[in-house]
Amino acid sequence: MLDELQTITKNLGIFINTKKTRIVSTNHFNYLKLHYSLLENGKVIVRTTNESFRRERKRLNKLKRRLENKKITFEEILNSYKSWRGSVKIYGNHFRLIKIDAYFNKLFNQKGDKNYD
């Protein structure tokens with residue numbers, strides 16, 4: 001398929017860099033830390049990538065260490081977490097947010113089901 005594109009673009013006077021060019025499936029792909037899925041009916045579903053949740057767990061662990069060393073307050077951590085959570089919530093990651101909320105509560109010894117909305 002790349003060869004076909006190169007012949008077309010060569011006729012148009014456009015150069016394709018083969019080292020950088022990738023042809024991917026349009027069914028699903030990651031772009032700007034979001035995962036896009038194209039359904040057969042044409043609907044596009046946008047979700048947060050798995051890496052975003054892994055990164056947030058690592059960041060929470062680092063913040064926990066900073067809290068123990070008294071370099072940051074719990075209120076600052078809570079505000080930071082709420083901000084991240086709000087940016088992720090709009091993409092419909094309900095069950096994953098429940099899991100990371102439980103992780104946050106366990107990590108910072110929070111009692112019960114806290115609502116971080």
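Numbering of residues begins at 1 and proceeds along the displayed sequence. All of these numbers come straight from a predicted model, not from anything done at the bench.
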Quiz item: Is it true that Glu68 and Arg65 have a side-chain N and a carboxylate O under 4.0 angstrom from each other?
Solution: no
Practice problem: Evaluate side-chain contact (heavy atoms from CB on, under 4.5 Å) for Asp101 paired with Arg85, printing each intermediate quantity in order. | Solution: CA-CA 9 Å; Asp101 284 347; Arg85 192 180 188 286; 2.8 Å; yes
Practice problem: To the nearest 0.5 Å, tell me how far Gln6 CD sits from Ile8 CD1. | Solution: 11.0 Å
Quiz item: What distance do Ser80 atom OG and Leu60 atom CG have between them, rounded to the nearest 0.5 Å?
Solution: 7.5 Å
Quiz prompt | Spatial distance of atom NZ (Lys64) from atom CD1 (Ile77) [nearest 0.5 Å] | solution = 8.0 Å
Quiz item: Do Phe104 and Trp84 make the cut of ring centroids closer than 6.0 angstrom?
Solution: no
Quiz item: How about Thr48 and Arg96: does a side-chain donor come under 3.5 Å of a side-chain acceptor?
Solution: no
Practice problem: Please report the shortest heavy-atom distance between Leu97 and Phe53, naming the atom on each side. | Solution: CD2-CE2, 4.3 Å
Self-check item: Distance, nearest 0.5 Å, that separates CG of Leu2 from OG1 of Thr7
Solution: 10.0 Å
Self-check item: Pairwise side-chain contact, Glu56 with Val88, heavy-atom cut-off 4.5 Å (strictly under)
Solution: no
Quiz prompt | Side-chain heavy atoms of Phe108 within contact of Leu67, under 4.5 Å | solution = yes
Quiz item: If you measure from CD on Glu51 to NZ on Lys58, what distance do you get to the nearest 0.5 Å?
Solution: 7.0 Å
Exercise. Look only at the side chain of Thr9 and the backbone of Leu5, and say whether a donor-acceptor pair between them is shorter than 3.5 Å.
Key: yes
Practice problem: Would you kindly confirm whether Phe74 and Ile72 end up in one hydrophobic cluster when ILVMFWY residues are joined by side chain heavy atoms under 4.5 Å apart? | Solution: yes
Exercise. Take Tyr81 and Leu63 through the side-chain contact (heavy atoms from CB on, under 4.5 Å) test and state the conclusion after the steps.
Key: CA-CA 10 Å; Tyr81 177 68; Leu63 291 173; over 6 Å; no
Exercise. Could you tell me whether the side chain of Asn69 and the main chain of Lys71 form a donor-acceptor pair under 3.5 Å?
Key: no
Quiz item: Who else is in Leu34's hydrophobic cluster (ILVMFWY, side-chain heavy atoms under 4.5 Å, direct or via others)?
Solution: Phe29, Tyr31, Leu32, Tyr36, Leu38, Val44, Val46, Ile90, Tyr91
Exercise. Can you establish whether the number of heavy atoms outside Arg54 located under 6.0 Å from its atom CZ is more than 12?
Key: yes
Quiz item: What pair of heavy atoms forms the shortest contact from Thr73 to Glu76, and how long is it?
Solution: N-OE1, 3.0 Å
Quiz item: In Å and rounded to the nearest 0.5 Å, what is the NZ to OG distance from Lys89 to Ser87?
Solution: 12.0 Å
Quiz prompt | Arg47 side chain vs Asn93 backbone, donor-acceptor pair below 3.5 Å | solution = no
Quiz prompt | Reference residue His35; test side chain to side chain donor-acceptor pair (under 3.5 Å); the match among Asn30, Asn50, Thr49 | solution = Asn30
